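As a basis for the values below, the full set of heavy atoms in this structure was taken, side chains included, without hydrogen atoms, waters or symmetry mates. No experiment lies behind these values; they were computed from the predicted model shown. Every chain is numbered from 1 and lettered A, B, ... according to where its sequence line falls, protein lines coming before strand lines.
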Amino acid sequence: MVLLARGFYFERIGLMSQNYSSLELNRLEKLRRLRQRGMEPYPTRAERTHTSQQAIQAFESAEASEQSEKVVVTLAGRIRSMRPMGKITFAHIEDGAGRIQLFLRANEIGEEQLEIFNREFDLGDFIQASGEMFRTRTGEITLRVASFRMLAKAITPLPPAKDEVVDGEVIQHATLSETELRYRQRYADLAVNPDVRRIFRIRAATVRALRNFLDERGFLEVETPVLQPIYGGAAARPFITYHNQLKQELYLRISFELYLKRLLVGNLERVYEIGRDFRNEGVDRTHNPEFTQLEFYCAYADYLQVMELTEQMISYTAQQVLGSTTITYGGHTIHLDPPWRRLELRQGILEVTGIDFAQHPTAESLAAAMKAKDIPVDPNATRGKLIDSLLGDYLEPTLIQPTFIYNYPRDISPLAKSMPGDPSMVERFEGYVGGMELCNAFTELNDPLDQEARFLEMGRDYAADDEERHPMDEDYLRAMRYGMPPNGGFGMGIDRLAMLFTDSPNIREVILFPHLRKEE
RNA sequence: GGGCGUGUAGCUCAAUGGCAGAGCAGUGGCCUUUUAAGCCAUUGGUUGAAGGUUCGAGUCCUUCCACGCUCACCA
């Protein structure tokens with residue numbers, strides 16, 4: 001039966017090989033009948049005079065004016081429910097603004113038209129309908145359909161086929177919940193899960209608010225290369241690609257830092273970039289191979305001023321996007337208003353582990369102290385890496401309320417300026433919210449001779465095959481030798497901020513098309 | 001990469017080693033103010049893939065695939 005039908009369609013419409021389900025074959029048959037009955041299932045143009053919300057508002061104001069003027073509209077949207085009841089049919093369509101009910105009656109549009117609607121139209125189809133607005137017996141503002149047509153027939157049914165709207169809230173009685181399907185077919189996820197659409201509206205508003213904040217303070221938005229001959233600015237393994245004509249290996253950037261700071265050499269005092277970084281590393285709930293980063297650099301600022309700017313920027317953004325500086329994340333109520341708690345890294349680690357790393361000036365000594373407390377130690381780690389692991393394993397999970405951890409060891413911060421009086425430490429902070437690292441900033445190193453020494457240190461301390469080893473960037477040093485103003489720099493993962501603002505436990509929830517293994 | 005878990009109809013889920021099922025959607029019918037419409041009837045399956053144990057496997061075993069959680073890794 002199915003084979004016969006399939007063969008019929010290959011012949012009839014020239015379909016390419018495709019395993020249509022029986023539900024899809026049903027709809028293909030409806031599509032054929034529509035054409036036969038003179039209704040094009042994929043017309044070139046659509047008309048619309050009102051969105052669903054505009055139509056409802058227009059009707060409400062007409063009602064209020066007591067002149068009972070007719071409100072005639074043409075709506076367009078996607079069928080989300082159908083209730084045929086003999087000679088009448090109720091349906092809801094959904095557009096970008098919301099949902100609205102349609103009412104079709106045989107003695108107004110004719111029995112044949114009603115039959116076409118009931119028989120050939122399905123949930124998920126995009127349609128257009130015109131008529132006059134009215135209020136049903138139960139009070140719902142509804143379009144009395146005088147004419148309608150198909151705008152785009154849906155062959156594949158949308159996943160959860162049933163839900164209702166109560167007081168404007170969509171209540172789903174069946175939900176597309178399988179994570180893999182939701183990510184692989186994000187279009188279907190978006191089409192049926194309003195909460196998912198909301199996440200990406202919040203994400204877009206977040207980026208807009210960050211831009212506003214920086215633009216208002218005289219920052220210039222710039223774009224720097226994604227394809228770079230030398231990667232740098234972070235400790236991460238890069239993606240490698242190749243330019244055929246130049247016969248040259250190129251790296252997808254792992255940060256914007258070195259290019260943005262070159263711009264400070266060029267007298268651009270305040271710059272920022274919002275764009276994509278790529279890191280060829282593990283994927284987990286807070287890491288995606290490509291992610292969106294905000295970096296800014298501000299001449300004549302130090303890390304303490306950047307700290308103040310950061311807490312202002314995040315609370316401003318929350319206020320703009322969510323209308324509040326109090327958010328809920330993972331069951332925690334988090335207050336983003338400034339000032340944020342400030343905790344020196346040394347003090348923080350001392351509090352959670354009892355280890356004062358200032359008492360252990362060498363990796364060997366610190367490793368011994370950690371072993372004494374049964375903390376696992378990577379034998380090849382530098383002192384800085386050991387401190388960083390204590391931070392990540394013991395301190396980070398405790399930092400639910402916004403906290404700036406500041407003053408970091410020099411050897412894991414090759415681009416940050418040393419602290420006056422303590423050459424083993426640098427002026428650097430990281431912002432933590434919800435137990436998650438959100439941002440990273442420092443007083444930028446602008447001494448070309450010190451910078452060169454740092455690159456050389458990285459070369460010594462990291463094994464030659466360590467892909468996090470920071471490569472020497474001669475052009476960056478050349479730029480710095482022209483003179484780079486003292487400046488404070490800042491980097492933040494936009495995806496993580498979007499996670500906080502949408503209470504999403506997984507970074508994939510805030511990325512439209514997250515990376516998954518290829519199918520099959 | 002390791003550990004744990006999941007994978008059954010379009011969707012959400014059942015099924016002690018013993019006939020693969022339900023709700024929704026779909027299809028046919030009744031129904032002129034419904035809204036998870038209702039009522040009657042009905043279609044739909046390579047149980048993620050391959051192999052094995054067994055009289056008999058959705059269920060037990062092995063391998064593989066995908067996803068989730070977690071650990072490792074990861075500024």
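A15(B) sits 14 Å from U59(B) when the P atoms are compared, rounded to a whole Å. To the nearest whole angstrom, the two P atoms, one in C61(B) and one in G26(B), are 40 Å apart. Remark: the separation of the C1' atoms in C67(B) and U33(B) is 46 Å, to the nearest Å. Rounded to whole Å, the separation between the P atoms of G5(B) and U46(B) comes to 28 Å. Using atom C1' as the reference point in both G7(B) and A41(B), the two lie 33 Å apart (nearest Å). With C1' as the reference atom, U35(B) and U16(B) are 43 Å apart, rounded to whole Å. A distance of about 40 Å separates the P atoms of U54(B) and C69(B), rounded to the whole Å. Taking the C1' atom of each, U34(B) and U8(B) are spaced 35 Å apart, rounded to whole Å.
Between the side chain of Gln101(A) and the base of U34(B), at least one donor-acceptor pair of N or O atoms lies under 3.5 Å. In the interface, the side chain of Arg83(A) is paired with the base of U34(B) through a donor and an acceptor atom under 3.5 Å apart.
Of the possible polar contacts, none joining the Lys417(A) side chain to the Asn487(A) backbone as a donor-acceptor pair under 3.5 Å is found.
Out of U32(B), C74(B), U34(B), the shortest distance to the side chain of Lys385(A) is found at C74(B). Distance from the side chain of Leu181(A) is smallest for C11(B) among the nucleotides C11(B), U35(B), U32(B). Considering only the side chain of Thr138(A), U35(B) comes nearest among G68(B), U33(B), U35(B). The side chain of His287(A) sits closest to C74(B) out of C74(B), U33(B), A75(B). Side-chain proximity of Asp388(A) to U33(B), U34(B), A75(B): nearest is A75(B). Proximity note for Ile88(A) (side chain, C-beta onward) versus U33(B), U35(B), G68(B): the nearest is U33(B). Counting only heavy atoms from C-beta on, Arg279(A) has its side chain closest to A75(B) among A75(B), G68(B), U32(B). For Lys87(A), taking side-chain heavy atoms from C-beta onward, the closest of the listed nucleotides U35(B), A37(B), U32(B) is U32(B). Side-chain proximity of Asn440(A) to the nucleotides A75(B), A66(B), U35(B) is greatest for A75(B).
Between Arg237(A) atom CZ and G1(B) atom P there is a gap of 13 Å when expressed in whole angstrom units. Atom CD in Glu509(A) sits about 13 Å away from atom C1' in C67(B), given to the nearest Å. Distance Ile375(A) CD1 to C71(B) C1': 17 Å, rounded to the nearest Å. When the P atom of C74(B) is taken as reference, atom CG of Asp277(A) falls 18 Å away, rounded to whole Å. A straight line from CG of Asp393(A) to P of U70(B) spans 15 Å, rounded to a whole angstrom. Between the P atom of A75(B) and the CG atom of Leu386(A) lies a distance of 14 Å, rounded to the nearest Å. The CZ atom of Phe117(A) sits 16 Å away from the C1' atom of U32(B) (whole-angstrom rounding). A straight line from CG of Asp189(A) to P of C67(B) spans 16 Å, rounded to a whole angstrom.
Legend: salt bridge (Lys or Arg N to Asp or Glu O under 4.0 Å) pairs involving residues 105-116 of chain A, not counting sequence neighbours, sorted by first then second residue: Arg37(A)-Glu115(A), Arg105(A)-Glu108(A), Glu108(A)-Arg144(A), Glu115(A)-Arg119(A). Within the structure, the salt bridge (Lys or Arg N to Asp or Glu O under 4.0 Å) test picks out no pair touching residues 387-407 of chain A (sequence neighbours left out).
Tyr272(A) and Phe296(A) have their aromatic ring centers separated by at least 6.0 angstrom. Taking the ring centroids of Phe442(A) and Phe429(A), they lie at or beyond the 6.0 Å cut-off.
Scanning for side-chain contact (heavy atoms from CB on, under 4.5 Å) contacts around Pro157(A) gives Leu23(A), Glu24(A), Arg27(A), with sequence neighbours left out. Every salt bridge (Lys or Arg N to Asp or Glu O under 4.0 Å) that Asp95(A) has, sequence neighbours left out, goes to Arg48(A). Applying the side-chain contact (heavy atoms from CB on, under 4.5 Å) rule to Ser147(A) yields the partners Ser130(A); only residues at least two apart in sequence or on another chain are considered.
The pairing partner recorded for A36(B) is none, the criterion being a Watson-Crick or G-U wobble arrangement whose two distances lie under 3.5 angstrom. Nucleotide U47(B) has no partner under the Watson-Crick or G-U criteria, as no pair reaches both atom distances under 3.5 Å. The base-pairing partner of U27(B), taking Watson-Crick or G-U wobble contacts with both distances under 3.5 Å, is A41(B). In this structure, A22(B) and U12(B) make a Watson-Crick or G-U wobble pair, each of the two defining distances being under 3.5 angstrom. G58(B) makes up no base pair with any nucleotide shown, lacking Watson-Crick or G-U wobble contacts both under 3.5 Å. In this structure C67(B) sits in a base pair with G5(B), meeting the Watson-Crick or G-U test at under 3.5 Å.
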Using a cut-off of under 3.5 Å, enumerate the N/O to N/O pairs linking the protein to nucleotides 26-30 of chain B.
residue : atom : partner   : partner atom : Å
G26(B)  : O2'  : Asn26(A)  : ND2          : 2.5
U27(B)  : OP1  : Lys30(A)  : NZ           : 2.4
G28(B)  : OP1  : Arg119(A) : NH1          : 2.9

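Between Arg182(A) and Glu509(A) a salt bridge is recorded (basic side-chain N to carboxylate O distance below 4.0 Å).
For the side chain to side chain contact (heavy atoms under 4.5 Å, CB included) test with His92(A), the passing option among Glu140(A), Met82(A), Arg78(A) is Glu140(A); the others fail.
The shortest distance between the side-chain N/O atoms of Arg517(A) and the OP1/OP2 oxygens of C67(B) is below 4.0 Å.
Toward the 5′ end of RNA chain B lies the nearest nucleotide of Tyr183(A), the other residue of the pair Tyr183(A) and Asp284(A) mapping further downstream. Where His515(A) and Phe442(A) each meet RNA chain B at their nearest nucleotide, the meeting point lying more 5' is that of His515(A).
Side chains of Leu391(A) and Tyr432(A) form a contact here, defined as non-hydrogen atoms less than 4.5 Å apart.
Base contact: Phe103(A) has a heavy atom under 4.0 Å from a base atom. If you check every strand for non-hydrogen atoms under 4.0 Å, Leu391(A) touches nothing.
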